[in-house]
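Working notes, beginning with the structure itself.
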Amino acid sequence: MTATALFPTLLWQADLADAALLADLAHSARTLADDDRAGRAWSKAHAYRGYTSYASLNDLPRRDPAFADLARWLVAQAAQFAAAAHLDFAGKKPRLDSLWVNILKPGGSHSGHIHPYSSLSGTLYLEVPDGAGAIRFEDPRLPMLMHSPPRLPDAPEAMRNFVHVQPRPGLLLLWESWLRHEVMPNGAKADRISISFNFA
Ligand SMILES: O=C(O)CCC(=O)C(=O)O
Ligand SMILES: [Fe+2]
């Protein structure tokens, strides 16, 4: 007898092993938070505890060479992920569509969401102080599981309905944009800084 896994949900993990670039990006993120009044206002209006450039700036790779370097690396990573997932991008590489920074203050979180109108989405972690919140991914079949038994507490990660990934500086996560995720509360005493992005 065998049991085979069907319909897997892939999570791509890689490391950006370039401490200088990570430091440059964190410095740029803080500078944006200081300079971008519209972004600060949007974050406040949407109860985002900290700062995100999500709704205010859409040209970070053109503004700053550190983001341009990052964008090149992300495109290469997304192409590898697309190949691993056997996604047909019609012979082209996934196109980086948007990229934004997130500075989450102590106590801040980001409730469950998907990234509409995108193919691949992901996050790169820049600063992850002790106690910073994990990112939690949800089983996309949750709405269909109303009457099914829960998984045993010792089920392997790939069989669980919720998976927490604890970030670390330099960690890149990439997933398909329909995959719902949330950022758990930042229990650290310092800011948790990440960069997120969407591919078309
Ligand atoms: O910082 C993270 O762990 C993820 C952030 C996120 O989901 C987003 O920016 O859309
Ligand atoms: Fe997200």
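Side-chain atoms are counted along with the backbone in the values below, which use heavy atoms only and exclude waters and symmetry mates. Whatever order the structure lists ligands and atoms in, that order sets their numbers, starting from 1.
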Task: Close side-chain approach of Leu174 and Gln13, heavy atoms under 4.5 Å - done: no
TODO: Taking 2.8 Å as the upper limit, name the protein N, O or S atoms near the Fe ion (ligand 2).
DONE: His113 NE2, His115 NE2, His181 NE2
TODO: State plainly whether the residues Arg30 and Glu127 are in salt-bridge range, i.e. N to O under 4.0 Å.
DONE: yes
Atom pairs and distances, ligand 1 N/O vs protein N/O under 3.5 Å:
unit_1, atom_1, unit_2, atom_2, d
ligand 1, 1 (O), Arg192, NH1, 2.8
ligand 1, 1 (O), Ser194, OG, 2.8
ligand 1, 3 (O), Tyr125, OH, 2.6
ligand 1, 3 (O), Arg192, NH1, 3.4
ligand 1, 3 (O), Arg192, NH2, 2.8
ligand 1, 7 (O), His113, NE2, 3.2
ligand 1, 7 (O), His181, NE2, 3.0
ligand 1, 9 (O), Trp100, NE1, 3.1
ligand 1, 9 (O), Asn102, ND2, 3.2
ligand 1, 9 (O), Ser196, OG, 2.8
ligand 1, 10 (O), His113, NE2, 3.1
ligand 1, 10 (O), His115, NE2, 3.0

Task: Distance in Å, Leu70 CG paired with Leu60 CG, rounded so as to fall on 0.5 Å steps - done: 10.0 Å
- [ ] Using a strict 4.0 Å threshold on nitrogen-to-oxygen distance, state whether Lys189 and Asp130 make a salt bridge.
- [x] no
- [ ] Take Phe137 and Trp175 through the test ring-ring contact (aromatic ring centres under 6.0 Å, His included) and record every step on the way to the result.
- [x] CA-CA 10 Å; Phe137 294 95; Trp175 58 86; 5.0 Å; yes
Task: pair Tyr48-His110: side-chain heavy atoms closer than 4.5 Å - done: yes
- [ ] Would you please say whether a donor-acceptor pair under 3.5 Å links the side chains of Asn198 and Ser121?
- [x] yes
TODO: Walk me through it: do His115 and Trp100 pass the test ring-ring contact (aromatic ring centres under 6.0 Å, His included)?
DONE: CA-CA 13 Å; His115 292 206; Trp100 61 95; 5.7 Å; yes
Task: Side chains of Ile135 and Tyr125 in contact at under 4.5 Å (non-hydrogen atoms) - done: yes
